[in-house]
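Notes follow once the structure below has been shown.
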Amino acid sequence: MDKTLVTPERLRALMTQGAPLRLFDCSADLMNPELGRHQYLEAHIPAAQHADLNRDLSDKTGAADAASGGRHPLPSREKFAAWLRAAGVSNDTQVVVYDRQGANFCGRLWWMLKWCGHEAVAMLDGGLQAWQQAGGAPSQGAESAAAPGHFRLGPALAVLKSRSDVAQALASQTIIDARAAARYRGEVEPLDPVAGHIPGALNRPFQSNLDAAGRFLPAAQLRQEFEALLAGHDPASVVHHCGSGVSAIPNLIAMEIAGLGRSALYAGSWSDWCQDTSLPVARG
């Protein structure tokens with residue numbers, strides 16, 4: 001079972017083994033919601049389906065059963081399980097996710113599968129670019145629809161925190177904010193109505209986990225950097241967030257690669273927190 005990262009070479013091996021495998025291209029763009037689909041149609045790993053951030057990995061219908069708030073509300077586990085079945089995923093399926101935006105978006109699907117009890121999901125380290133650099137030829141256009149899968153929900157393997165969870169435990173949790181430093185400090189805010197950060201949050205922009213080629217840094221280096229950031233705080237107390245619960249995932253994965261465990265996610269993130277005017281906001 002591959003459950004964190006795979007290399008292009010490992011992915012190629014999985015593709016030739018004949019075991020149940022589903023590939024998902026999660027390419028997206030926050031400012032241009034249709035761009036990810038266009039990029040997928042232009043070039044993707046053979047047999048990969050596109051997983052759309054807004055339509056497939058979020059529930060923007062205003063449904064009462066949405067599992068989080070914020071700009072990209074999580075669908076309920078039941079709705080997401082139905083999407084997985086339609087996308088050809090069963091409980092014995094190895095899933096591999098990737099994007100072409102430096103792991104910014106594919107971690108969302110990685111985390112959601114863990115949240116629904118499916119451990120066998122891994123991220124392609126380096127994304128589509130790594131696949132092509134390793135000699136992999138891309139496909140174009142849409143792939144044929146997969147035969148329906150038989151996915152059934154299992155106990156959650158990832159911890160989801162709500163706004164109230166975070167607000168009520170600020171003193172005992174260690175919040176890591178994955179947004180760019182200027183957004184964290186409240187100097188700019190291009191997406192949400194309020195600038196700033198959750199009081200006490202530490203800042204680690206998600207790109208800090210990657211090398212120049214978009215691959216995750218070595219485990220020992222990640223561990224050293226996170227231990228320096230945490231400065232003695234218990235890694236088990238960490239809750240990750242960002243603007244809308246998407247780009248926080250690379251920090252969460254990096255901590256797991258570093259051997260620091262699977263920490264929690266506040267999926268609503270800043271876009272959810274700043275909607276409540278009774279909650280404190282820090283700047284600087």
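Please read these numbers as outputs of a predicted model, since none were measured by experiment.
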Min side-chain heavy-atom separation L191-S271 under 4.5 Å: no
Grab the two heavy atoms, one from A67 and one from P75, that are nearest each other, plus how far apart they are. CB-O, 3.6 Å
By ring-ring contact (aromatic ring centres under 6.0 Å, His included) - contacts of W111 (at least two apart): W115
Any Lys/Arg nitrogen of R37 or D52 sitting under 4.0 Å from an Asp/Glu carboxylate oxygen of the other? no
Flag side-chain contact, heavy atom, 4.5 Å: D177 against H241: yes
Nearest-0.5 Å distance, CG of residue L53 to SG of residue C106: 11.5 Å
T174: partners by side chain to side chain donor-acceptor pair (under 3.5 Å), with sequence neighbours left out: S237
Roughly how far apart are E256 CD and K3 NZ, rounded to 0.5 Å? 7.5 Å
Approximate separation, where rounding is to 0.5 Å, of N54 CG and D59 CG: 11.5 Å
Main chain of S27, side chain of H50: is a donor-acceptor contact present, judged purely on distance under 3.5 Å? yes
Search all heavy atoms of A134 against all heavy atoms of E9 and return the closest pair with its distance. CB-OE2, 3.9 Å
Please enumerate all residues that pass side chain to side chain donor-acceptor pair (under 3.5 Å) together with Q101, with sequence neighbours excluded. Q39
Separation of K161 NZ from L265 CG (nearest 0.5 Å): 11.0 Å
Partner residues of S278 under the side chain to side chain contact (heavy atoms under 4.5 Å, CB included) criterion, sequence neighbours left out: D276
Would you check, one step at a time, whether the test side chain to side chain contact (heavy atoms under 4.5 Å, CB included) holds for L21 with V96? CA-CA 8 Å; L21 174 70; V96 175; 4.0 Å; yes
Is there a side-chain contact between V246 and L30 (heavy atoms, below 4.5 Å)? no
After noting the C-alpha distance and the side-chain angles of L109 and D56, does the key distance pass the side chain to side chain contact (heavy atoms under 4.5 Å, CB included) rule? CA-CA 9 Å; L109 179 51; D56 303 324; over 6 Å; no
Partner set under side chain to side chain donor-acceptor pair (under 3.5 Å) for E187, not counting sequence neighbours: R185
Using links of under 4.5 Å between side-chain heavy atoms of ILVMFWY residues, direct or through other members, which residues join L157 in one cluster? none
Whether the H72 and S58 side chains hold a donor-acceptor pair (N or O, under 3.5 Å, no angle test) is what I'd like checked. no
Carboxylate-amine/guanidinium contact R179 E189, below 4.0 Å: yes
Return the minimal non-hydrogen interatomic distance between A254 and L222, and the atom names on each side. O-CD1, 3.9 Å
Sorted by first residue and then second, give each side-chain hydrogen bond (donor to acceptor under 3.5 Å, both in side chains) pair with at least one member in residues 122-133; sequence neighbours left out. none
Measure the shortest side-chain to side-chain distance between R108 and C26 over non-hydrogen atoms and say whether it is less than 4.5 angstrom. no
Using a 4.5 Å cut-off between side-chain heavy atoms of Ile, Leu, Val, Met, Phe, Trp and Tyr, which other residues end up in the same hydrophobic cluster as V188? none
Is it possible for you to say whether L57 and Y40 belong to one hydrophobic cluster, with membership spreading through side-chain heavy-atom contacts below 4.5 Å? no
Is the closest side-chain heavy-atom distance between Q207 and N104 below 4.5 Å? no
Would you name the heavy atoms of A181 and N203 that are closest together and state the gap between them? CA-OD1, 3.3 Å
Hey, are the side chains of L23 and L124 touching, using non-hydrogen atoms and a 4.5 Å cut-off? no
Kindly state each residue pair satisfying side-chain hydrogen bond (donor to acceptor under 3.5 Å, both in side chains) with at least one member in residues 209-224, sequence neighbours excluded. R204-N209, N209-N251, Q221-E225, R223-E227
Donor-acceptor contacts under 3.5 Å from residues 136-154 side chains, at least two apart:
residue	atom	partner	partner atom	Å
Q140	NE2	E42	O	3.2
E143	OE2	H44	NE2	2.9
E143	OE2	A47	N	3.1

Test side chain to side chain contact (heavy atoms under 4.5 Å, CB included) on F226 and I176; report intermediate values, then the result. CA-CA 10 Å; F226 273 98; I176 296 181; 4.2 Å; yes
When rounded to the nearest 0.5 angstrom, what is the spacing between CG in L202 and NE2 in H240? 10.5 Å
Hydrophobic clusters here meaning ILVMFWY residues chained together by side-chain heavy-atom distances under 4.5 Å, can you tell me if F206 and M255 are in one? no
Please check if F24 and L128 belong to a single hydrophobic cluster, counting links between Ile, Leu, Val, Met, Phe, Trp and Tyr side chain heavy atoms closer than 4.5 Å. no
Assess, by modelled atom type and distance only, whether the side chains of D165 and S162 contain a donor and an acceptor separated by less than 3.5 Å. yes
Suppose clustering is done on Ile, Leu, Val, Met, Phe, Trp and Tyr with side-chain heavy atoms closer than 4.5 Å. Which residues sit in the same group as Y184? none
Check step by step if side chain to side chain contact (heavy atoms under 4.5 Å, CB included) holds for V95 and W110. CA-CA 9 Å; V95 178; W110 179 94; over 6 Å; no
Common cluster, L14/Y98, ILVMFWY with side-chain heavy-atom separation under 4.5 Å: yes
Co-members of the apolar cluster containing V281 [side chain, <4.5 Å]: V166, L170, I175, V194, I198, V239, Y266, W270, W273, L279
Establish whether V6 and V97 are linked, either directly or via other cluster members, by ILVMFWY side-chain heavy-atom contacts under 4.5 Å. no
Interatomic distance, Q94 atom CD to M15 atom CE [nearest 0.5 angstrom]: 13.0 Å
Determine whether D25 and R100 make a side-chain contact, defined as any pair of heavy atoms from C-beta on separated by less than 4.5 Å. yes
What heavy-atom pair brings A248 and C242 nearest, and what distance separates the two atoms? N-SG, 3.3 Å
I'd like to know whether NZ of K79 has more than 12 heavy-atom contacts from other residues, nucleotides or ligands below 6.0 angstrom. yes
Do E119 and K114 have side chains that approach each other closer than 4.5 Å (heavy atoms only, starting at C-beta)? yes
